Every structure is written in structure tokens, then in C-alpha cells.
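Since the model is a prediction, treat every value here as computed from it, not as a measurement. Just so it is clear, the values below take in all heavy atoms, side chains as well, and ignore hydrogens, waters and symmetry mates.
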Amino acid sequence: MATETRTPARSSQGNRSGGRSGDGRREGPRAPQPAPSVPPDTPKVLELPASISLRELATRMNVSPINVIRELMQNGVMATINQQLDFDTAAIVASAFGWEAKPIPAAIETPAPEPPTPTDSKPAPTAKAVTLKQRLLAEEQAGDKDALKPRPPVVTVMGHVDHGKTSLLDAIRKTDVASTEAGGITQHIGAYMVEHQGRKITFLDTPGHEAFTAMRARGAQVTDIAVLVVAADDGVMPQTREAIAHARAAQVPIIVALNKIDKPNARPEMVKKELSELGLVPDEWGGNTLFIPVSAKQRIGIEDLLEGILLVAESLDTIKANPNRRAVGTIIESQLSKSKGPIATVLVQNGTLHVGDAFVAGSTYGRVRAMFDFRGQSVKKAGPSTPVSITGLSEVPIAGDILEVVEDERVARALAEENQAKAAKESNARRITNLEQYFALAKASKARKMFFIVKADTQGSLQPLVEQLYKLNPPDTAQNSEAVRLEVIHQGTGDVTESDVNLAIASGAVILGYEVSVDTAARRKAESNHVDIRLYDVIYNLLEDVEKAMKGLLAPKIVEKVIGTAEVKQTFKIAKVGIVAGVRVTSGIAARNAKVRVRRGGQLVHTGVVASLKRLTEDVKEVRQGFECGLSIEGFSDFKPGDLLEFFVEEQTS
């Protein structure tokens with residue numbers, strides 16, 4: 001916004017004289033203001049510092065802060081009443097209210113401190129659209145660097161399903177959470193704080209890598225360090241690779257916890273070799289990844305692991321926050337309680353959250369009625385990196401939404417409504433991540449890297465394919481410093497899953513599949529989020545498409561859009577027609593002339609075109625979900641009860 005210019009939508013007099021009623025509607029003009037010292041047609045000059053709070057700007061312009069918030073919203077910026085605005089942004093807002101902004105001379109740029117008030121002693125967080133790291137950087141640039149204090153690191157524990165993630169946290173917390181989980185598997189996201197040598201660490205225990213990345217895809221960067229748990233007797237497993245890919249997509253350092261070293265068949269050196277091949281080279285081998293042997297059951301190495309986490313945290317300059325400002329955090333999980341109403345677990349990331357604070361979180365708003373720490377004890381406030389459960393929400397929020405403390409509930413309600421409208425608008429115009437977009441960005445010299453997720457039917461096909469992809473990169477020379485390069489952020493065998501799509505959403509990657517298919521849940525999520533999945537049965541065609549995308553020569557893509565599914569219930573033999581399947585439409589629609597895939601026991605049996613479609617005795621163009629119909633497929637009659645039919649159409653993208 002700082003580089004844009006816009007014509008004021010209203011006259012200076014109209015903006016300064018118009019007011020709003022309590023419910024936000026514009027009222028008639030106020031009493032006349034004192035006569036200006038300059039001619040009425042000349043904009044009044046407003047001297048502004050390099051950074052100014054929204055409230056102070058409104059005060060200097062003699063307008064309501066709500067009007068300034070709405071002006072920013074109209075320009076696509078979500079702002080809170082105490083948000084710091086840079087000079088360019090403040091100047092554009094001022095021009096809309098009839099003021100001409102000029103910078104304060106450097107010698108007198110530092111403004112006098114404002115007298116503290118009970119509600120405004122803690123500055124509000126910045127807009128929801130930016131990440132926490134950007135917010136902290138903005139504080140430093142605004143002169144608040146001294147206000148940033150070290151905070152406890154937030155650690156996410158990841159790894160294969162049975163390698164001991166929760167058991168390790170049990171050992172750290174000296175509790176027995178694992179025995180209370182169904183089947184010993186974590187069911188919900190938990191957040192816990194522990195203390196080691198007088199310093200606190202916050203742990204997030206996630207039910208899976210998908211939840212970790214789904215929150216990040218919504219803009220919630222909650223983790224500072226990832227602990228990768230790998231069983232020393234088992235080694236690298238498929239979910240281990242996924243965990244590494246998700247941690248790298250979040251751009252957080254990884255610490256490897258080699259668990260189960262007490263077992264007789266433990267092979268830690270073998271595991272180190274496997275992980276080093278994935279880019280996690282142990283520090284003792286000259287790499288930069290900490291490998292810490294532990295045994296969750298025997299409580300071996302726990303102190304070393306905590307020490308390693310604090311050591312890595314000390315090396316990161318970003319693990320800081322300002323505790324003396326209004327709180328901003330992330331919704332970790334939420335639920336509806338019959339006795340307490342909506343409850344949310346919040347990880348406070350900046351500022352301090354107090355009981356009684358008004359807040360907005362996505363389309364949810366409210367006031368903190370009660371607050372509990374991870375032990376269930378009632379607390380009055382929570383500082384940076386502290387997980388707490390709160391009540392007093394208007395509805396159940398979405399995990400990953402950013403919670404921000406605001407002036408009062410009226411402002412919170414207005415912002416929640418704006419967020420809801422914005423979300424509805426964005427759902428109709430989601431970002432597109434595909435090869436064509438990479439081509440457009442490369443042509444405009446904006447994309448320097450293309451990210452891919454590669455899935456193949458076997459490991460024997462996967463490794464050569466990835467090697468061939470990397471060979472498409474130009475030589476790393478000074479002449480090619482601006483060339484587009486590709487990077488495979490995750491590779492694996494088997495069909496494309498929802499986890500792959502979640503990772504693509506978070507990282508902006510394109511999914512390439514060789515001799516694999518896409519499961520139903522993954523296809524639905526990919527379509528709703530416009531993730532590009534490209535399937536091939538010839539490696540040459542795959543490599544050719546990627547190379548063309550890198551050079552900006554890719555032709556329009558023909559994409560499949562699944563429109564419905566059905567299940568074969570029985571078969572009929574009709575004279576002059578042949579075998580007809582009696583089916584029930586289980587989702588979407590079955591359409592005449594649509595293409596259809598026949599799957600049996602998970603295997604593809606046939607792909608063809610719907611030849612006829614009847615509802616009762618009449619020919620129809622389509623049959624919707626929940627209804628039964630009869631159909632035939634061109635060139636196919638070997639229907640079996642239980643066959644699954646997938647109807648799709650092909651569309652060309654620009």
C-alpha cells in the first residue's frame with residue numbers, strides 16, 4: 001500500500017465532519033469546527049513521524065479511529081486500533097481525509113510519549129495478513145527493538161507413528177499422557193510447557209504432520225524448532241520423510257532425537273547414515289544437525305535433548321517478543337463444551353493476554369471470560385509462547401486462525417464481520433499454484449525456484465526420476481545466477497494423498513505423479529485449493545513438461561475435474577443394449593457423455609465414456625447424489641456389484 005496512490009474518495013470536510021452512530025452507521029454533520037488557518041480548498045498539512053499508531057493518527061486528524069480502520073479495510077489492509085503504520089501508509093490514509101502529510105524533520109522526529117491508559121498501555125499487534133516474524137521486524141524498524149525480549153522456544157515433536165513421540169513428551173513432562181490416549185495414539189493437538197535450568201520450553205504434540213502443515217497453510221507459523229523422533233531400531237520410515245518435508249516447508253531447524261537406543265537391536269549409526277542421505281547430516285560428521293540419543297522409557301538423554309533445544313534457540317535471533325503489548329497468538333485447537341460453550345487453545349506468540357481482553361480470531365470474536373494453563377489451573381494472564389485455554393468466544397474458531405486483542409468488543413465484532421466477508425470473497429478466488437503460474441512468474445523474472453512433490457509407483461522409479469529432474473537445473477555459475485531452478489521438497493512412493501496436498505498448499509509446490517493415482521480426499525482438497533497435480537505414465541513427458549515450464553514454453557494444460565462418484569449395486573442384461581449397471585450416485589452427479597473410470601478393489605479396470613443414462617425408464621442428462629439409475633459405458637460391460645465409478649470431465653486451463 002505504501003507505493004500506491006489513490007484519489008480521496010471523500011472531501012476533507014465530509015470526512016472530518018461526518019460521524020458514526022454506535023452501530024457504525026454514518027450520521028449527519030457535527031457542529032462546525034474552528035475556522036482553518038488556511039483557505040478551505042487547501043489541504044491542511046500534517047507532520048508525521050516515520051511510524052505512528054493508528055489511534056494517534058486518528059487523533060491528529062480529528063477523526064474517529066473506526067473511520068481510519070474502515071479506510072484501511074477498503075484498501076485491503078486489516079488493521080487494529082493501535083497498529084503501527086509506516087509514513088507512506090499513514091500519508092495515503094491522511095490524504096483520504098483531506099490532509100497533506102509531510103515527514104517530521106529528523107532532528108525532532110521522536111514523538112513525545114503518550115500518557116498510559118488502562119486499555120492502551122499495551123500496543124496492539126499488527127495486521128493479520130503478515131506473519132509473526134514480519135511483525136517483529138516491523139517493531140524493530142519502528143524503534144521498538146529494545147521492547148523485544150527473549151521468549152521460550154516453541155517446539156513441535158514429529159516423526160513416524162510408532163517411534164515414540166508422545167512417550168518422549170511423557171518423559172519430558174513426567175506424566176503419562178500416552179496411556180490416556182485411545183490406542184496410545186495422540187488424538188488432539190496438545191501444548192505443554194516445561195522448565196529446564198530455569199528456562200521454559202513450550203512443546204506442541206501434534207496428531208500428524210497434516211495438522212502441522214494445515215495450520216501453516218492458513219498463515220500460522222507457530223513453531224520455532226522441530227524435534228524429529230526416529231526409532232534407532234527401525235530407521236527412516238515413510239512418515240519420517242514426510243516429517244522432514246513438512247519441517248523444511250516451515251523453514252524451521254530440525255533436531256533429531258534417536259529414540260529407543262536402549263533396545264538390543266538399536267542401530268544408531270545406520271539411522272544417522274539414512275538421515276544424512278536425506279540432508280540431515282550429524283554435527284559430529286561435520287553437518288549442522290544435532291543428533292541426540294534418547295530412551296523415553298528409560299529416561300535416558302532427556303536432559304541432553306532439552307539442553308540441545310535451548311542451544312539451538314539461543315542461535316536463533318527470531319525467538320523474541322514484546323510482552324508489554326496487546327496479545328497476538330494462534331488458535332491451536334478448539335471445541336464446543338456443553339457446560340462452557342466454545343473453548344479454544346491459544347498459543348500466545350506476542351504480547352500478553354489478560355482475562356477481560358476483547359479479541360478477534362478470524363470470523364470469531366469475544367472477550368476472555370476465563371483462562372486456564374495446560375495443567376487446567378486458572379490464570380489471569382499469559383505471556384509470549386504460553387499455551388492457554390480460553391472461554392468467552394462467540395463461536396468455535398478454526399485451528400490456525402490468528403487471535404488478536406483489540407480495543408473493545410464492538411471493534412472485535414466489526415473486524416470479525418470483515419474477516420468473514422473477506423474469507424467468502426477469497427474462497428471464490430483462491431491462489432493458483434501450477435506450472436503455468438510458474439511460467440508466468442519466470443517470464444516476469446519473479447520466480448527463482450520451482451517447488452515439486454514427486455510421487456511414483458516404486459522406489460526403483462522414484463530415484464531415477466528425481467535425479468533426472470535435478471539434471472534440468474542450469475549449471476550453478478555466475479551467468480546463471482538469475483535462472484529458474486527446481487527443488488524437490490518431498491518424494492515418496494504410492495498414490496497422491498491428502499498429506500501431499502496439504503504440503504503443496506503450504507509450500508506452493510506442484511505435485512508430479514508417475515504411474516500413480518490420486519485418492520478421493522486428496523483430489524477434493526486439491527480442487528478446492530487449486531493445487532496442480534500432474535499424472536504421467538511416461539517419464540519423458542513428465543520431464544518435458546517441467547523443462548518447458550522452466551523455459552516458459554508450456555502449452556495449456558488439460559485438467560480432469562471429477563464431477564461425481566457412484567457404486568454398482570447390480571447388473572441387468574437388456575436386449576439390443578447389452579449389460580447395464582444399476583448404480584447409486586454417492587457424490588456429485590453422474591452425467592451422460594462424461595468420462596468414467598471403473599475401479600474394483602482399488603485397481604483401475606476401465607476408462608471410457610458414459611453411453612446411456614436412465615432414471616427409471618426415461619433417458620436423463622444427469623442423476624444427482626442419493627439417487628439410483630442405470631447406465632452403460634462404451635466398450636465395457638464387465639460390471640461387478642461393488643465396482644466404484646468415478647465420473648470426470650476434461651477442461652483446458654489458460
Which atom names give the shortest non-hydrogen contact between [X] and [Y], and what distance separates them?
X      : Y      : value
Thr223 : Val252 : O-CG1, 3.3 Å
Gly159 : Ala243 : N-CB, 4.0 Å
Leu316 : Asp224 : CD1-O, 4.1 Å
Leu280 : Phe291 : O-CZ, 3.5 Å
Ser385 : Val154 : OG-CG2, 3.9 Å
Ile292 : Gly301 : CG2-O, 4.1 Å

Check your understanding: Does Asn265 CG have over 12 foreign heavy atoms under 6.0 Å away?
Key -> yes
Review point. What salt bridge (charged side-chain N to carboxylate O under 4.0 Å, His left out) pairs are there with at least one residue in residues 451-471, not counting sequence neighbours?
Key: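 Output for this query lists Lys455-Asp500.
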Point to revise | Short N-O contact, Glu527 and Arg524, less than 4.0 angstrom | key: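 Salt bridge absent between Glu527 and Arg524.
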Can you name the residues that form a side chain to side chain contact (heavy atoms under 4.5 Å, CB included) with [X], not counting sequence neighbours?
X      : result
Thr386 : Met193, Ala382, Val388
Asn473 : Tyr470, Arg485, Leu486, Met550
Pro150 : none
Val271 : Val230, Leu258, Leu275

For residues [X] and [Y], determine if any side-chain heavy atom of one lies less than 4.5 Å from a side-chain heavy atom of the other.
X      : Y      : result
Arg597 : Leu645 : no
Ile309 : Phe203 : yes
Thr565 : Leu644 : no
Val649 : Ile563 : yes
Glu284 : Lys272 : yes

Review point. Taking the side chain from Glu274 and the backbone from Val236, do they hold a donor-acceptor pair closer than 3.5 Å?
Key: yes
Check your understanding: So, does Asn259 use its side chain to make a donor-acceptor pair with the main chain of Ala296 at under 3.5 Å?
Key ->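 Such a contact is found between Asn259 side chain and Ala296 backbone.
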Using side-chain hydrogen bond (donor to acceptor under 3.5 Å, both in side chains) as the criterion, list what pairs up with [X], not counting sequence neighbours.
X      : answer
Lys273 : Glu277
Gln603 : none
Ser295 : Asp262
Arg599 : none

Practice item. Please lay out, stage by stage, how Ile255 and Leu305 fare under the test side chain to side chain contact (heavy atoms under 4.5 Å, CB included). Key: CA-CA 9 Å; Ile255 297 175; Leu305 177 60; 4.1 Å; yes
Exercise for review: Begin from the C-alpha positions of Ile505 and Val501 and carry the test side chain to side chain contact (heavy atoms under 4.5 Å, CB included) through to its verdict.
Suggested key: CA-CA 6 Å; Ile505 295 170; Val501 176; 4.0 Å; yes
Point to revise | Derivation of the side chain to side chain contact (heavy atoms under 4.5 Å, CB included) call for Val598 and Ile633 | key: CA-CA 10 Å; Val598 182; Ile633 299 175; 3.8 Å; yes
Exercise for review: Kindly state each residue pair satisfying side-chain hydrogen bond (donor to acceptor under 3.5 Å, both in side chains) with at least one member in residues 300-316, sequence neighbours excluded.
Suggested key: His196-Glu303, His196-Glu307, Gln197-Glu307, Arg199-Glu314
Review point. Under the ring pair (Phe, Tyr, Trp, His ring centres under 6.0 Å) test, which residues partner Tyr514, sequence neighbours left out?
Key: none
Practice item. Walk me through it: do Asn419 and Ser363 pass the test side chain to side chain donor-acceptor pair (under 3.5 Å)? Key: CA-CA 5 Å; Asn419 289 343; Ser363 59; over 6 Å; no
**Study point:** Donor + acceptor pair across side chains of Ser461, Glu515 (<3.5 Å)
**Key:**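 Short answer, no.
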Check your understanding: Under the salt bridge (charged side-chain N to carboxylate O under 4.0 Å, His left out) test, which residues partner Lys561, sequence neighbours left out?
Key ->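 By the salt bridge (charged side-chain N to carboxylate O under 4.0 Å, His left out) rule, Lys561 matches no residue at all.
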Exercise for review: Report the distance from atom CD1 of Ile225 to atom OG1 of Thr202, rounding to the nearest 0.5 Å.
Suggested key: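 Between atom CD1 of Ile225 and atom OG1 of Thr202 there are 11.0 Å.
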